[in-house]
Amino acid sequence: MARPVTLMTAQWGDMDFETLCRTAKEMGYDGLEIMCCSHIDPKRAAEDMDYCNELKSTMEKYGLKTWALAAHMVGQCVGDKWDPRLDNFAPAELAGKPEEIRKWAIETMMYVPKAARNMGVDVVTGFMGSPIWAYWYSFPQTTEEMIDAGFQEIVDLWTPIFDEFDKYNVLFALEVHPTEIAFDYYTAERLLEEFDYRETLGFNFDPSHLLWQGVNPTIFLRDFIDRVYHVHMKDAAVTLDGRAGILGSFITFGDTARGWNFRSLGHGDVNFEEIIRELNQYGYDGPLSVEWEDSGMERIYGATEACEFVRGVDFKPSDVAFDKAIAND
């Protein structure tokens, strides 16, 4: 199939763009899923083609391309209910100012689709946030009206943003993920319903976030394949031992006492062969983007090995029935 293997750049925000390009090439990648604000300024990219050409020229220098921009942190600030952690995603001068953070996030997201178009891509991955994530356990008692209001708030906030996406013929791929308005199978299904199955909205399929919740990633992929606009390759391992709980116990990621952890590709429990078979069956030919997260492994080693793993598992579909050759003439 030879799908392009790209590197999601969020976890590499400590590198300047050229250093990141050189490093990604050395690790074997075909391109980058470029994170807004850390490796591309959406406003500048929307308004300055010279800036976009400079970024593309730097990638070309190292034989890299881009098939998607990522707007996870900005998007989170659009729909989230503020707490001090959100200050990490917004400009420092807005810290502690929820209304100003949301205003900044909405304005920035409005630049993202034009930035994507100027960079020559038609998919933006990202988060949408959630005003009701804190209600997930339903205690204290959560009413249906509270949940309905939360979904409606997301629809109200994101509809004007999606209008701008449509203007530039760019798709938004939500990463179904805890803390998002859609974090599992049924919330993803409901989100599509709330937006009346608007084509603009689809999913960035990431099996690692589904696996530890007990959601079968392959079933999710099969059922939502027509809305899968982008694919993350990321692994996770569930290591429940009778002490650790599935909710993490407030133990830091990477600590082996946790009940689950993100793992470098091939070191967890995700069945990537089944995922590739589903992608082959439905003809997905977009990038396979490695979002490398493993606090227990050195990242250059891990991300290099992960790139090799993806190339090894990305087999071509058959173009003939296996038993055709044994048929009688």
Side-chain angles (χ1 to χ4, degrees), residues 8-14 33-46 69-113 115 124-138 140 142 146-147 149-162 164-165 172-184 187-188 191 194 201 203-204 206 208-209 213 232 234 247-254 262 291 293 295:
M8 206 283 202
T9 74
Q11 292 76 13
W12 307 79
D14 57 322
E33 176 190 351
I34 307 174
M35 176 57 73
C36 290
C37 299
S38 58
H39 288 117
I40 185 171
D41 179 336
K43 184 177 186 294
R44 186 177 176 190
L69 300 188
H72 292 64
M73 306 304 102
V74 178
Q76 188 71 21
C77 293
V78 172
D80 231 19
K81 187 173 183 179
W82 180 88
D83 68 45
R85 297 173 299 169
L86 216 58
D87 292 346
N88 294 323
F89 298 160
E93 63 271 18
L94 302 183
K97 301 174 181 178
E99 292 183 7
E100 293 187 34
I101 289 175
R102 176 168 286 179
K103 180 181 177 183
W104 163 81
I106 292 171
E107 290 176 350
T108 302
M109 281 303 307
M110 291 290 192
Y111 288 116
V112 169
V124 172
T125 62
F127 291 153
M128 298 173 75
S130 172
I132 54 174
W133 169 249
Y135 304 161
W136 70 268
Y137 189 69
S138 297
T142 304
M146 294 168 74
I147 301 303
F151 274 94
Q152 187 59 53
E153 183 175 345
I154 289 295
V155 171
D156 293 343
L157 287 168
W158 280 88
T159 292
I161 296 171
F162 289 160
E164 196 72 6
F165 270 70
F172 183 81
L174 170 67
E175 187 168 332
V176 177
H177 181 294
T179 75
E180 301 313 306
I181 190 67
F183 58 88
D184 62 8
T187 52
L191 184 66
E194 294 285 346
L201 173 63
F203 299 128
N204 175 44
D206 187 325
S208 69
H209 303 303
Q213 295 186 69
H232 269 185
K234 194 166 79 173
L247 302 184
S249 309
F250 292 120
I251 300 173
T252 304
F253 279 123
F262 295 122
E291 184 180 21
E293 293 183 355
S295 295

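If you're wondering where the values come from, they're calculated on a predicted model, not measured in any experiment.
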Self-check item: Shortest non-hydrogen contact between Ala115 and Leu69, atoms and distance
Solution: C-CD1, 4.0 Å
Please list, one pair per line, the donor and acceptor atoms closer than 3.5 Å that link side chains of residues 38-46 to other protein atoms, with sequence neighbours excluded.
{"residue": "His39", "atom": "ND1", "partner": "Thr9", "partner atom": "OG1", "Å": "3.0"}
{"residue": "His39", "atom": "NE2", "partner": "Trp12", "partner atom": "O", "Å": "3.4"}
{"residue": "His39", "atom": "NE2", "partner": "Met15", "partner atom": "O", "Å": "2.9"}
{"residue": "Asp41", "atom": "OD1", "partner": "Lys43", "partner atom": "N", "Å": "3.1"}
{"residue": "Asp41", "atom": "OD1", "partner": "Arg44", "partner atom": "N", "Å": "3.2"}
{"residue": "Lys43", "atom": "NZ", "partner": "Glu47", "partner atom": "OE1", "Å": "3.2"}

Quiz item: To the nearest 0.5 Å, how far apart are CE in Met146 and OG in Ser138?
Solution: 9.0 Å
Quiz item: Going by heavy atoms in the side chains, are Leu201 and Met128 under 4.5 Å from each other?
Solution: yes
Self-check item: Pair Glu180-His209, side-chain hydrogen bond (donor to acceptor under 3.5 Å, both in side chains): steps then yes or no
Solution: CA-CA 11 Å; Glu180 301 313 306; His209 303 303; over 6 Å; no
Quiz item: With a 4.5 Å heavy-atom cut-off, do Phe253 and Glu293 have their side chains touching?
Solution: no
Quiz prompt | Which atom of Ala182 lies closest to which atom of Leu174, heavy atoms considered | solution = CB-CD2, 3.8 Å
Quiz item: When you measure from the side chain of Asn204 to the backbone N and O of Ala173, does any donor-acceptor pair fall under 3.5 Å?
Solution: no
Self-check item: Beyond-backbone contact of Asp206 with Glu291, side-chain heavy atoms, under 4.5 angstrom
Solution: yes
Quiz prompt | Side-chain touch Glu175/Thr125, heavy atoms, less than 4.5 angstrom | solution = no
Quiz item: Do the ring planes of Trp158 and Phe172 sit parallel (below 30°), tilted (30 to 60°) or perpendicular (above 60°)?
Solution: tilted
Exercise. Any chance you could measure Met110, atom CE, to Phe165, atom CZ, to the nearest 0.5 Å?
Key: 10.0 Å
Quiz item: Side chains of Phe151 and Ile132: does their closest heavy-atom pair fall under 4.5 Å?
Solution: yes
Practice problem: Drop me the distance from Lys103's NZ to Thr108's OG1, to the nearest 0.5 angstrom. | Solution: 11.5 Å
Exercise. Kindly give the heavy-atom pair with the smallest separation between Met8 and Ala70, and that separation in Å.
Key: CE-CB, 3.9 Å
Exercise. Salt-bridge test for Arg102 and Glu153: reply yes if a basic N is under 4.0 Å from a carboxylate O, no otherwise.
Key: yes
Practice problem: Apply side-chain contact (heavy atoms from CB on, under 4.5 Å) to Ala105 and list each qualifying residue two or more places apart in sequence or on a separate chain. | Solution: Val74, Cys77, Val78
Self-check item: Nearest heavy atoms of Gly75 and Met109, plus distance in Å
Solution: N-SD, 4.0 Å
Quiz item: Measuring from Glu93:CD to Ile101:CD1, what's the distance to the nearest 0.5 Å?
Solution: 10.0 Å
Quiz prompt | Main-chain N/O of Asp184 paired with Thr187 side-chain donor or acceptor, under 3.5 Å | solution = yes
Exercise. Examine distances only and state if a side-chain atom of Glu33 and a backbone atom of His232 form a donor-acceptor pair shorter than 3.5 Å.
Key: no
Quiz item: ring pair (Phe, Tyr, Trp, His ring centres under 6.0 Å): which pairs involve residues 71-96, sequence neighbours left out?
Solution: His72-Phe127
Quiz item: Are Trp133 and Pro178 close enough that some pair of their side-chain heavy atoms sits under 4.5 Å apart?
Solution: yes
Practice problem: Could you tell me which non-hydrogen atom of Val112 sits nearest to which non-hydrogen atom of Cys36, and how far apart they are? | Solution: CG2-SG, 4.3 Å
Self-check item: Atom pair CE/CG of Met73 and Asn88 - distance to nearest 0.5 Å
Solution: 10.5 Å
Quiz item: So, for Leu157 and Pro160, which heavy atoms are closest and what is the spacing to 0.1 Å?
Solution: O-CD, 3.5 Å
Quiz prompt | Contact check, side chains of Ser130 and Ile154, non-hydrogen atoms, under 4.5 Å | solution = no
